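Computed from a predicted model, the values in this text were never measured in an experiment. Just so you know, these numbers use all the heavy atoms, side chains as well, and skip hydrogens, waters and symmetry mates. Below, chain A is the first sequence line, B the second, and so on; all start at residue 1.
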2 protein chains.
Amino acid sequence: MPQTSPKTSVRERLLCAADRLFYNEGIRAVGIDRVLVEADAAKASLYSHFGGKDELIATYLSRRVQASRDNIDAFVADIPAAERAYRVFDFVIAWTESSDFRGCPLQHVVSELPSADHPARAVAAEQRQYLLDQFSSWSRAAGVRDVEQTAGALMVLFDGAVAAAEQDGSQRARDARWLAERLIRGG
Amino acid sequence: MPQTSPKTSVRERLLCAADRLFYNEGIRAVGIDRVLVEADAAKASLYSHFGGKDELIATYLSRRVQASRDNIDAFVADIPAAERAYRVFDFVIAWTESSDFRGCPLQHVVSELPSADHPARAVAAEQRQYLLDQFSSWSRAAGVRDVEQTAGALMVLFDGAVAAAEQDGSQRARDARWLAERLIRGG
DNA sequence: GGTTGTATATACAGACCGGTCTGTCTGTTG
DNA sequence: CAACAGACAGACCGGTCTGTATATACAACC
């Protein structure tokens, strides 16, 4: 997520600032005034583009989620479908090794905003469905015996890799990849 | 965590109130005035027993963590050491099925308090070490070939079970148990 | 009674919170 | 030129945040 140039629209500047601050410091830890200073924007602009902080949060998460999907889709594009279920964990490893990795924004939202009717929660739920659909599809392509069970286990591994890496470092993403490969290929 | 009686010490009342509110609503979402009202306590008592909110948070997490250890230790006490690594996930399943389950308090702390020097973060780090030690010990007792790799994978499964269950429900803890057993017993 | 330890009620300070509003400015278009 | 859209600065609102300070109350003990 690059720094914005002066010519960037105020909406984009707000979203970039929110992205940096919310992800690195926490959603509730960062008030809108900090977002505004970081974005060099006026408060009225924030309320004009987003009804309020809640919608800014939901849009921030939506963009994070969309970027994640695009990255995953691009990563697996040249990988045979039968190998994607475990080789996608190479993507997770790279992510957890990146200097700006601080865990999963979706998990953060779920932690910080427990209310099921927060607009960001719908974004989170939709991403869960996407991931499950992918893992199911890839499990089927790998020819596993129990697609539903395997896809569920892969969801666990995916979440666990990211959560554990946030605390213990990227070795946990490697651990997850090791187990995912054993799960798919046996042995 | 039961309701406190009028005879309970103010420190205990504060901790019980903090426990309920922080866990259910989020640490930053709950200000100390809400803790005080819930505990029927005066502000000076809070500052007298805990230097401030940060120490209250650290103590809340420490108690959660200690309770978790006690529960796990009690749960596995009558289980042969060779079976603990996967049968501990029955404990996780029961936890994720309980009506007051809302994910892992330790993961919440890591999400909400990114600063490594927050007092609660030391509590979190110490609990990671305890879990790794347990999984290593149980993996060794199970006779697995690569103890370190297996323990790491179990850490991923543990974290993943809890994080995924917070979002998708307790079926994910069952998925984790299924994979943990396959990992330990093969097949 | 006096002393001690604990807890309380209350006021305050300064900073911050999300949101609303008004007036002004700038660049673009017809 | 006028009109407009977008963005801005700044004031304001009521409320909340954490922490500090003071006087008082109460129970237990000697």
Side-chain angles (χ1 to χ4, degrees), chain A residues 3-22 24-61 108-109 112-115 117-121, chain B residues 3-61 108-109 111-115 117-121:
Chain A
Q3 293 272 39
T4 51
S5 72
K7 289 218 167 74
T8 312
S9 76
V10 67
R11 185 176 189 274
E12 185 65 24
R13 299 203 316 271
L14 284 166
L15 282 167
C16 289
D19 186 270
R20 276 193 297 272
L21 292 168
F22 287 162
N24 288 307
E25 302 192 24
I27 289 157
R28 283 194 159 278
V30 176
I32 61 168
D33 280 346
R34 290 212 37 222
V35 176
L36 296 171
V37 167
E38 179 89 7
D40 191 27
K43 193 177 287 193
S45 301
L46 189 151
Y47 287 95
S48 167
H49 286 274
F50 311 95
K53 185 176 180 181
D54 287 344
E55 191 180 325
L56 179 65
I57 292 164
T59 309
Y60 144 70
L61 185 65
H108 295 166
V109 161
E112 291 209 54
L113 307 167
S115 169
D117 57 4
H118 192 284
R121 294 300 293 261
Chain B
Q3 291 274 36
T4 52
S5 71
K7 290 218 167 75
T8 312
S9 77
V10 68
R11 185 176 191 275
E12 186 64 24
R13 298 203 315 272
L14 284 166
L15 282 168
C16 289
D19 187 271
R20 275 192 301 271
L21 292 168
F22 288 162
Y23 182 66
N24 288 306
E25 301 190 22
I27 289 156
R28 283 194 158 278
V30 176
I32 63 166
D33 277 348
R34 292 215 30 225
V35 176
L36 295 171
V37 168
E38 179 89 6
D40 191 25
K43 192 176 289 191
S45 301
L46 189 150
Y47 287 96
S48 165
H49 285 274
F50 311 96
K53 185 175 179 179
D54 287 345
E55 191 180 326
L56 179 66
I57 293 165
T59 309
Y60 143 70
L61 185 66
H108 295 165
V109 161
S111 285
E112 291 207 53
L113 306 167
S115 169
D117 57 4
H118 191 284
R121 293 302 291 262

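Side chain of B:R11 to main chain of B:S45: no donor-acceptor pair is present (N/O by atom type, distance under 3.5 Å, no hydrogens or angles). Without hydrogens or angle criteria, A:E12 side chain to A:T8 main chain gives no donor-acceptor distance under 3.5 Å. Looking at B:K43, its side chain never comes within 3.5 Å of a backbone N or O of B:I32 through a donor-acceptor pair. One N or O on the side chain of A:E112 and one on the backbone of A:R28 form a donor-acceptor pair closer than 3.5 Å.
Nearer to the 5' terminus of DNA chain C, by closest-nucleotide assignment, is the contact made by A:A29 (compared with the other of A:A29 and A:G51). Between B:V10 and A:D33, it is B:V10 whose nearest contact on DNA chain C lies nearer the 5' terminus.
Set against D:dT22, C:dA7, D:dA9, the side chain of A:A42 has D:dA9 as its closest nucleotide. The side chain of A:S9 sits closest to D:dA7 out of D:dA7, C:dT8, D:dC8.
B:H118 pairs with exactly one of B:L61, B:V109, B:D54 by the side chain to side chain contact (heavy atoms under 4.5 Å, CB included) rule, that one being B:D54.
In this structure, B:L46 places its CG atom 14 Å from P of C:dA9, rounding to the nearest Å. The distance from atom OH of B:Y47 to atom C1' of D:dG19 is 5 Å, rounded to the nearest whole Å. In this structure, CD of B:E55 is placed 15 Å from P of D:dT18, rounded to the nearest angstrom. Nucleotide C:dC16 holds its P atom 14 Å from the CG atom of A:L36, rounded to whole Å. Here the P atom of nucleotide D:dG10 and the CD1 atom of A:I32 are 16 Å apart, to the nearest Å. The interatomic distance linking A:R28 (CZ) with D:dC17 (P) rounds to 9 Å, in whole Å. Look at CG on A:D54: it is 15 Å from P on C:dC17, rounded to the nearest Å. Per the geometry, CZ belonging to B:R34 stands 12 Å off C1' belonging to D:dT16, to the nearest Å.
Of the side-chain N and O atoms in A:R13, one or more sit less than 4.0 angstrom from OP1 or OP2 of D:dC8. OP1 or OP2 of D:dA7 sits under 4.0 Å from a side-chain N or O of A:H49.
Nucleic acid contact for A:A44: base, since at least one base atom lies under 4.0 Å from a heavy atom of the residue.
Side-chain atoms of A:K43 and base atoms of C:dG19 include a donor and an acceptor less than 3.5 Å apart. For A:K53 against C:dG19, no side-chain N or O and base N or O form a donor-acceptor pair under 3.5 Å.
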